[in-house]
Amino acid sequence: MPVVNATIAAVLDEIANLLDIQGANAFRVRAYRNAARTIGNLGTAVGTLLAHGKDLTDLPGIGDDLARKIATIARTGTCPQLERLRADMPAALSELLHVPGLGPKRVKTLWHDLGVDTVEALHQAAREGRVRSVHGFGEKTERRILEATHAHLKRERRFRLDVAEQFVTPLVEYLSGLDGLDRVEPAGSFRRRRDTVGDLDILATAEDGARAIRHLTQYGEVADVVSAGPTRGTVRLRGGLQVDLRVVPPASRGAAMQYFTGSRAHGVALRRLAQSKGLKLNEYGVFAGDRPVAGDTEESVYAALGLAWIPPELREDRGEIEAARTGRLPRLVTHEDLRGDLHVHTKASDGHDSVEAMAKAAAARGLDYIAITDHSQRLTIAGGLDPSRLAKQIDEIARLNERLRDITVLAGTEVDILEDGSLDLPRSLLERLDVVVASVHGHFDLSRARQTRRILRALEHPAVHVLGHPTCRLIDERDPCDLDMQRVIRAAAACGVALEVNASPKRLDLTDLHCRMAKAEGARVAIDSDAHDADDFDNLRFGIGQARRGWLEPADVLNACTLGELRERLKRR
DNA sequence: GCCGTTTTCGGCCCGACTGTTTTCAGTCG
């Protein structure tokens, strides 16, 4: 059973947490955390790297010691050091660090003085008023802990990007309504277009910060004010989303935008770079000694560090700083680059609009072509099309194209990949279609080996053009299928099949990291809406976000080419 | 624990806010 990178990262994180609570050297703790992050971001399984004789010490922040430990973890899923730590202290202490307001010092104190070693035990102690008796803890802290443990036990969740967006838009509008509060803009993971956001960071420019923060606390949706100072305020909205508003003077706007957009790892790397140049970088600007040298725009901040401006989606410390230094940043794909959409449903299966309505909606959004890809017969619950209904739809589309002016409709299907990897429609019919998207809609829990074999077989089918939502994850609802994505992506590249970035904000599948893997392997990607009604074409922006996070350029995206080029590419398959 | 066109030892990103202090530690982002 291969140990996946996420597990290795989790082990390293747990070691870091337990060392931290133990009071170990903070920089040693940081070394483990950095290593966890590096491994977690890796596109290739550590086991694979080792099998190819790669030296892990070539990775940043990993020396001889960590390389040895990581190899051990990759082999066994754990390592002696972690086992020793677990023998010395309750493993659940690590979990306590995830309770907001608790850091290593407090966790250690609570454990020593109260014997608290789980979130449940801490919640109980707070409820019984025992926490306030501990030195350094007071009534307020106890109340905070009570609330925080309660929320934690209820599992504080992250918010899907589209859900966060529903909060952002009216909030930004409300804040912008205050006189003297200018340029209210979201930063943080929302601006970086992560698939989910934990909380919302909003930046604004104002002379009177305290007044702006007060304005935030008076917002009608605020359930709870967490903190409120002169430059920064934190509130929790009804529904649980936490919002941070930071207010800066205009001269610091760019530096603050850079700072609060993150990611944390990107910021740390930038500040380190600044330091190496004898400069200091903080949210107010870039400074040589006390003298400000940049800060009013993000461009000026990056330029002061010898870097090109880096698009927010890339700011994860995954090589973008080196690329910006050497002029090798990608020209990321934009919404305007998309010429078409290759995955669209109609009311013939489980969509809500006609072929013509979908075509007109797509044309209104500037697309030149769409492929109608209704479900196939096996998906009875979605009204999947059998061969005769699909044949009729092909004719209907041909007739429609004679009337349409601004857009071309391609005939297609989203054909089911059956349990054994065969397809749900006969090859003769599939070969009549312009676009064949093949997707999994059942048997999600096959073993990794069987699931991978199943997908590889579908990829090898000569009629298939696109692998739809490759991992089948539903954010917050269904884990991705257990798949060897490296093999799937490599096979897609070899077969000339495009991998879909399904732009539905519930899916976002491929993920950003998989997009990056696809690019590395030379596989092409199709950014598709999977629209079920006319408004769903607007979801394409979410898919674009993931593609950009995965460093994709227009040439990497199948539906960024013209209709003529697309037809050529589909034929060559 | 990592790392080196200032270094193989001595550094390692930075500031805001809170609560419990009586001048600051802890936590967070």
Side-chain angles (χ1 to χ4, degrees), chain A residues 12 15-16 19-21 23-38 56-70 79 81 96-110 131-145 148 187-190 192 197-203 209-210 213 225-235 242-248 252 255-256 258-287 305 315 317 321:
Chain A
L12 293 171
I15 293 173
L19 284 174
D20 206 358
I21 294 166
N25 178 301
F27 298 108
R28 188 172 160 226
V29 172
R30 187 186 295 174
Y32 281 94
R33 295 226 166 93
N34 286 340
R37 210 186 62 82
T38 300
L56 295 181
T57 62
D58 291 342
L59 297 169
I62 293 177
D64 290 336
D65 181 83
L66 275 169
R68 251 194 321 275
K69 283 172 179 155
I70 290 166
C79 73
Q81 187 190 15
L96 276 171
L97 279 182
H98 293 123
V99 176
L102 293 189
K105 303 287 195 302
R106 285 179 171 171
V107 168
K108 184 180 187 182
T109 304
L110 289 166
V131 170
R132 70 182 72 179
S133 66
V134 179
H135 181 74
F137 290 75
E139 261 181 65
K140 280 194 172 174
T141 305
E142 182 178 78
R143 194 164 59 243
R144 277 275 146 82
I145 286 176
S189 50
F190 184 83
R192 300 200 313 279
V197 304
D199 58 16
L200 214 51
D201 293 288
I202 295 183
L203 183 75
I213 301 297
V225 177
V226 180
S227 70
T231 66
R232 169 178 157 190
T234 302
V235 299
Q242 182 166 302
V243 179
D244 280 8
L245 173 63
R246 335 263 182 153
V247 183
V248 297
S252 298
Q258 192 290 309
Y259 191 95
F260 296 123
T261 295
S263 66
R264 171 145 10 166
H266 177 83
V268 166
L270 276 194
R271 287 191 287 280
R272 219 195 304 262
L273 177 63
Q275 200 185 38
S276 75
K277 292 175 177 295
L279 301 167
K280 187 174 69 170
L281 169 64
N282 59 30
E283 58 264 57
Y284 297 110
V286 182
F287 297 88
L305 303 179
R315 300 182 193 174
D317 193 22
I321 293 174

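Throughout, a chain's letter reflects where its sequence line sits, starting with A, and its residues are numbered from 1. Everything numeric here is computed off the predicted structure, so don't read it as measured data.
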Please report the interatomic distance [atom1]([X]) to [atom2]([Y]), rounded to the nearest 0.5 Å.
X        : Y        : atom1 : atom2 : answer
A/Asp317 : A/Arg272 : CG    : CZ    : 8.0 Å
A/Arg37  : A/Arg264 : CZ    : CZ    : 11.0 Å
A/Asp244 : A/Arg246 : CG    : CZ    : 4.5 Å
A/Arg315 : A/Arg192 : CZ    : CZ    : 9.5 Å
A/Leu102 : A/Thr141 : CG    : OG1   : 9.5 Å
A/Leu66  : A/Leu12  : CG    : CG    : 6.5 Å

Spacing between [X] atom [atom1] and [N] atom [atom2], to the nearest angstrom:
X        : N      : atom1 : atom2 : result
A/Gln275 : B/dT7  : CD    : P     : 16 Å
A/Asp64  : B/dC3  : CG    : P     : 9 Å
A/His266 : B/dC13 : NE2   : P     : 15 Å
A/Arg272 : B/dC12 : CZ    : P     : 10 Å
A/Ile15  : B/dG1  : CD1   : P     : 10 Å
A/Gln258 : B/dC13 : CD    : C1'   : 12 Å
A/Arg28  : B/dC3  : CZ    : P     : 16 Å
A/Asn34  : B/dG1  : CG    : P     : 14 Å

Self-check item: Watson-Crick or G-U wobble mate for B/dT8, both contacts under 3.5 Å
Solution: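 Its partner: none found.
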
Practice problem: Taking only the side-chain nitrogens and oxygens of A/Ser227, find out if one of them lies under 4.0 Å from OP1 or OP2 of B/dA16. | Solution: no

Quiz item: Nearest nucleotide by nearest heavy atom, which residue falls closer to the 5' end of DNA chain B, A/Arg30 or A/Ile62?
Solution: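 On the 5' side of the pair lies A/Ile62.
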
Quiz item: Mapping A/Pro230 and A/Leu279 onto DNA chain B by nearest heavy atom, which one lands closer to the 5' end?
Solution: A/Leu279

Would you mind classifying the nucleic acid contact of [X] as base, sugar-phosphate or nothing, using non-hydrogen atoms under 4.0 angstrom?
X        : result
A/Lys108 : nothing
A/Ala228 : sugar-phosphate
A/Leu270 : nothing
A/Asn25  : base

Using the [atom1] atom on both, measure [N] against [M] and round to a whole Å.
N      : M      : atom1 : answer
B/dG19 : B/dC9  : C1'   : 39 Å
B/dG11 : B/dT7  : P     : 13 Å
B/dT8  : B/dC2  : C1'   : 12 Å
B/dT18 : B/dC13 : P     : 26 Å
B/dG26 : B/dT20 : P     : 14 Å
B/dA16 : B/dC12 : C1'   : 22 Å
B/dT22 : B/dG10 : C1'   : 34 Å
B/dT5  : B/dG1  : P     : 23 Å

Quiz prompt | Shortest non-hydrogen contact from A/Gly233 toward A/Ile213 | solution =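 Minimum heavy-atom separation between A/Gly233 and A/Ile213: N-CD1, 3.4 Å.
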
Self-check item: Syn or anti conformation of B/dT22, syn meaning chi within 90° of 0
Solution: anti

Quiz item: Partners of A/Tyr32 by side-chain hydrogen bond (donor to acceptor under 3.5 Å, both in side chains), sequence neighbours excluded?
Solution: A/Lys69, A/Gln81

Quiz item: What does nucleotides 20-29 of chain B look like as a protein-contact string, B for base, S for sugar-phosphate only, - for none, at under 4.0 angstrom between heavy atoms?
Solution: S-----SSSB

Quiz item: Is the shortest side-chain N to carboxylate O distance from A/Asp20 to A/Arg33 below 4.0 Å?
Solution: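 Yes, A/Asp20 and A/Arg33 are salt-bridged.
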
